[in-house]
Amino acid sequence: SNDFTFTADPADDWNITGSERSLPYHMDDSVITINMCLGDKFTGGSILFENVAEVEHQICRGIVHPGNMRHKVTPCKGQRFNLLLFLNKKA
């Protein structure tokens, strides 16, 4: 049996200002989030964990964090491609 499932996060919440986009503070609907950076033709777009740290994305590196940790994506320009996995334990 599978212990974890994953779902994709809709992009409806992105803020777009000119050529920049950002994602406001939020929590993921997951136990664990895995965020893998696939594209490096962008500037900005780091993950800012509220009252904790700011983590810059690097190509082929992932960020793993609890889904209930509040975070946002800082303004970015360019093509930012990420693979996001939202893991949830089955009951």
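Quick note: numbers below take in every heavy atom, side chains included, and nothing from hydrogens, waters or symmetry partners.
Of all the heavy atoms in Cys37 and Gln58, the pair that sits closest is CB-O, 3.4 Å.
If you take OG1 on Thr74 and CZ on Arg21, they are separated by 11.0 Å, rounding to the nearest 0.5 Å. The structure places CD1 of Ile63 at 5.5 Å from CG of Asn35, a figure rounded to the nearest 0.5 Å. One distance of note links CG of Leu48 with OG of Ser22; it measures 11.5 Å at 0.5 Å rounding.
Residues satisfying the side chain to side chain contact (heavy atoms under 4.5 Å, CB included) test with Ser30, not counting sequence neighbours, are Asp28, Thr33, Phe86, Asn88. When the salt bridge (Lys or Arg N to Asp or Glu O under 4.0 Å) test is applied to Arg70, the partners found at least two apart in sequence or on another chain are Glu50. Evaluation of the side chain to side chain donor-acceptor pair (under 3.5 Å) rule for Arg80 yields His57 as partners, not counting sequence neighbours. Residues satisfying the side chain to side chain donor-acceptor pair (under 3.5 Å) test with Asn68, not counting sequence neighbours, are none. Not a single ring pair (Phe, Tyr, Trp, His ring centres under 6.0 Å) links Phe81 to another residue, sequence neighbours left out. A search for side chain to side chain contact (heavy atoms under 4.5 Å, CB included) contacts involving Val64 returns Ile32, Ile34, not counting sequence neighbours.
Clustering of Ile, Leu, Val, Met, Phe, Trp and Tyr side chains at separations under 4.5 Å leaves Phe42 isolated, with no partner residue.
Classified by interplanar angle (parallel below 30°, tilted 30° to 60°, perpendicular above 60°), the ring pair Phe49/His71 is tilted.
Under a hydrophobic clustering in which Ile, Leu, Val, Met, Phe, Trp and Tyr are joined whenever their side-chain heavy atoms come within less than 4.5 Å, directly or via other members, Leu84 and Leu38 fall into different clusters. Under the 4.5 Å side-chain contact rule for hydrophobic residues, Leu83 and Ile47 do not share a cluster. Grouping the Ile, Leu, Val, Met, Phe, Trp and Tyr side chains by contacts below 4.5 angstrom, directly or via other members, places Met69 apart from Tyr25.
The shortest side-chain heavy-atom distance between Leu23 and Lys72 does not fall under the 4.5 Å cut-off.
Among pairs with a residue in residues 52-68, none fulfils salt bridge (charged side-chain N to carboxylate O under 4.0 Å, His left out), at least two apart in sequence or across chains.
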